[in-house]
Amino acid sequence: MANPKPKKALKKSSSKMEAQSATTAPAIQTASAEPKTKGFFARKCDENENVITIFKSPKIWGALLGELIGTMLIMVFLLTIGVQPLYLIFATVGVYVAIVGLSGANLNPLITVGMMATRRMSAIRGVLYILAQVLGAWIGLIVVNAFRLGSGTAHELPMMSELEGETFWVVALIELVGAIIIAFAFARSLRYAKKSPLTFALTVTSAMTLAIIFGLIVSQNYFGLESAFIMNPAAALMYQILPTTANGIGELAGLAGLALTAYIIFPMIGGVIGFYLSDLAGHLSMGGYECDDYNYGDCEYHHHHH
């Protein structure tokens with residue numbers, strides 16, 4: 001009489017296990033199949049966000065204000081500190097940590113263009129972000145210039161190098177490579193933006209420092225150029241990159257075209273390339289590095305002892 005009850009319990013437990021496995025098996029299959037079915041160019045932002053719906057939530061205004069204030073602060077730093085890596089990394093970490101919770105802390109049109117190109121951000125949001133960034137950079141210029149004029153000193157605001165011939169290609173390629181470095185690091189660090197803002201900020205600013213050091217070595221040591229790069233199209237517009245004097249309208253238009261191409265177009269192209277390189281690396285790695293992928297050294301030790 002005592003035997004049938006355990007059998008029933010066993011049947012119940014086994015049936016429960018079968019039911020659980022039946023319910024969990026499809027979830028495991030869909031999870032494993034997701035990376036294969038998900039397209040490389042799939043939309044990663046809200047599909048319903050457009051010109052009409054984006055203003056229905058007040059969150060967009062907080063995001064735009066964050067982009068404006070953050071870019072303004074970075075512009076103030078650039079116009080006063082300059083592209084000095086040691087000072088700039090400390091100055092920008094705090095800005096990124098403060099702004100990332102508001103807007104994601106793009107703070108640079110090359111990042112926003114990369115976000116739009118890889119479908120992480122809707123076109124309307126990207127355009128609004130860029131407008132906020134340009135406006136923020138302009139306000140930063142006004143603030144610094146107001147102090148400069150109020151002081152009565154002859155100190156001039158920094159300007160970018162004049163572009164002609166070989167100088168154009170040096171500056172353009174520095175801007176391109178620097179933008180790729182910054183955009184790649186930004187894309188890879190997006191996973192930390194919410195759960196660890198400090199990690200996100202340190203990753204992005206470290207990449208900025210690497211790009212700046214690269215630009216300084218190439219421009220100054222190899223070509224003897226000063227103030228040859230900025231790697232931020234919104235900030236570049238405030239550095240008086242557009243010429244005001246020339247021998248004719250044709251020459252003026254040509255110089256303006258060179259400046260816009262080197263300081264605006266090339267870094268935006270670099271931003272797109274950096275984001276797509278990040279996506280390609282993530283796609284090929286099938287989710288990323290796992291210690292168990294390598295059966296040697298410390299990985300093997302931890303694998304067997306844990």
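Given the structure is predicted, the values throughout are model-derived calculations rather than measurements.
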### Query
Any ion pair linking R119 and D279 (charged N to carboxylate O, less than 4.0 Å)?
no
#### Entry: Where A183 and G270 come nearest, the two heavy atoms and their spacing
CB-O, 4.2 Å
## Note on the structure
Tightest non-hydrogen contact, residues L102 and G62, listed as CB-O, 4.0 Å
### Query
Where do P267 and P233 come nearest, in terms of heavy atoms and distance?
CG-CG, 4.0 Å
Would you mind writing out the side-chain donor-acceptor pairs for residues 257-266 within the sub-3.5 Å range, not counting sequence neighbours?
residue : atom : partner : partner atom : Å
T261    : OG1  : G257    : O            : 2.7

### Summary
With L78 as partner, the option from T80, I81, I74, V76 fulfilling side-chain contact (heavy atoms from CB on, under 4.5 Å) is I74
#### Entry: Side-chain donor/acceptor of T71 to backbone N/O of L68, under 3.5 Å
no
### Message
Determine whether I111 and L107 satisfy the following criterion, side chain to side chain contact (heavy atoms under 4.5 Å, CB included), listing intermediate values before the conclusion.
### Response
CA-CA 8 Å; I111 295 296; L107 310 182; over 6 Å; no
### Message
Once salt bridge (charged side-chain N to carboxylate O under 4.0 Å, His left out) is applied, what residue pairs with a partner in residues 189-199 remain, sequence neighbours excluded?
### Response
none
## Note on the structure
Taken in chain and number order and not counting sequence neighbours, the residues that satisfy ring pair (Phe, Tyr, Trp, His ring centres under 6.0 Å) with F77 are none
### Task
Look at the side chain of T118 and the backbone N and O of G114, then say whether any donor-acceptor pair between them is shorter than 3.5 Å.
yes
### Task
May I ask you to check whether over 12 heavy atoms, not counting those of L284, lie within 6.0 Å of atom CG?
yes
### Query
Can you list the residues that meet the side-chain contact (heavy atoms from CB on, under 4.5 Å) rule with A123, with sequence neighbours excluded?
none
### Task
With rounding to the nearest 0.5 Å, note down the distance linking CG in L202 to OH in Y96.
12.5 Å
### Message
Surrounding CZ of F55 (heavy atoms of other residues, nucleotides or ligands, distance under 6.0 Å), is the total greater than 12?
### Response
yes
#### Entry: Distance in Å, T209 OG1 paired with I89 CD1, rounded so as to fall on 0.5 Å steps
3.5 Å
### Task
Please name the pair of heavy atoms, one in N232 and one in P109, separated by the smallest distance, quoted to 0.1 Å.
OD1-CD, 3.3 Å
#### Entry: By side chain to side chain donor-acceptor pair (under 3.5 Å) - contacts of N50 (at least two apart)
T53
Only distances under 3.5 Å count here; give the side-chain donor-acceptor pairs of residues 165-177 to other protein atoms, sequence neighbours excluded, each with its distance to 0.1 Å.
residue : atom : partner : partner atom : Å
E175    : OE1  : M231    : N            : 3.2
E175    : OE2  : I230    : N            : 2.8
E175    : OE2  : M231    : N            : 3.2

### Task
Apply side chain to side chain contact (heavy atoms under 4.5 Å, CB included) to the pair L198 and Y192, showing each step before the final yes or no.
CA-CA 8 Å; L198 183 59; Y192 305 110; over 6 Å; no
### Pairwise side-chain contact, L190 with M115, heavy-atom cut-off 4.5 Å (strictly under)
yes
### Message
How close do V97 and V100 get, counting heavy atoms only, and between which atoms?
### Response
O-CG1, 3.5 Å
### Message
Once side chain to side chain donor-acceptor pair (under 3.5 Å) is applied, do any residues pair with S122, and if so which ones, sequence neighbours excluded?
### Response
E49
### Query
Among all residues two or more places apart in sequence or in another chain, which pass the side-chain contact (heavy atoms from CB on, under 4.5 Å) test with I212?
V83, P85, L88, L216, F229
### Query
Taking all atoms of both residues into account, what is the closest heavy-atom pair of A228 and M160, and its distance?
C-CE, 3.7 Å
## Note on the structure
Output for pair (L65 CG, M72 CE), nearest 0.5 Å, gives 9.5 Å
### Message
Taking the side chain as everything from C-beta on, heavy atoms only, tell me whether L64 gets closer than 4.5 Å to W61.
### Response
yes
### Query
Listed by chain and number, what are the side-chain contact (heavy atoms from CB on, under 4.5 Å) partners of I217, not counting sequence neighbours?
I213, N221, Y222
### Message
Which residues pass the side-chain contact (heavy atoms from CB on, under 4.5 Å) test with S285, not counting sequence neighbours?
### Response
none
### Query
About how many Å separate CZ of F186 and OG1 of T203, when rounded to the nearest 0.5 Å?
11.0 Å
#### Entry: Value rounded to 0.5 Å, distance of CE in M238 from CG in N145
12.0 Å
## Note on the structure
For S206, the side chain to side chain donor-acceptor pair (under 3.5 Å) test, sequence neighbours excluded, returns none
Distance-only donor-acceptor hits, side chain of residues 126-140, under 3.5 Å, sequence neighbours excluded:
residue : atom : partner : partner atom : Å
Y129    : OH   : S103    : O            : 2.9
Y129    : OH   : R125    : NH1          : 3.3
Q133    : NE2  : E67     : OE1          : 2.8
Q133    : NE2  : T112    : OG1          : 2.9

#### Entry: Euclidean distance, L225 CG relative to L163 CG, rounded to 0.5 Å
9.0 Å
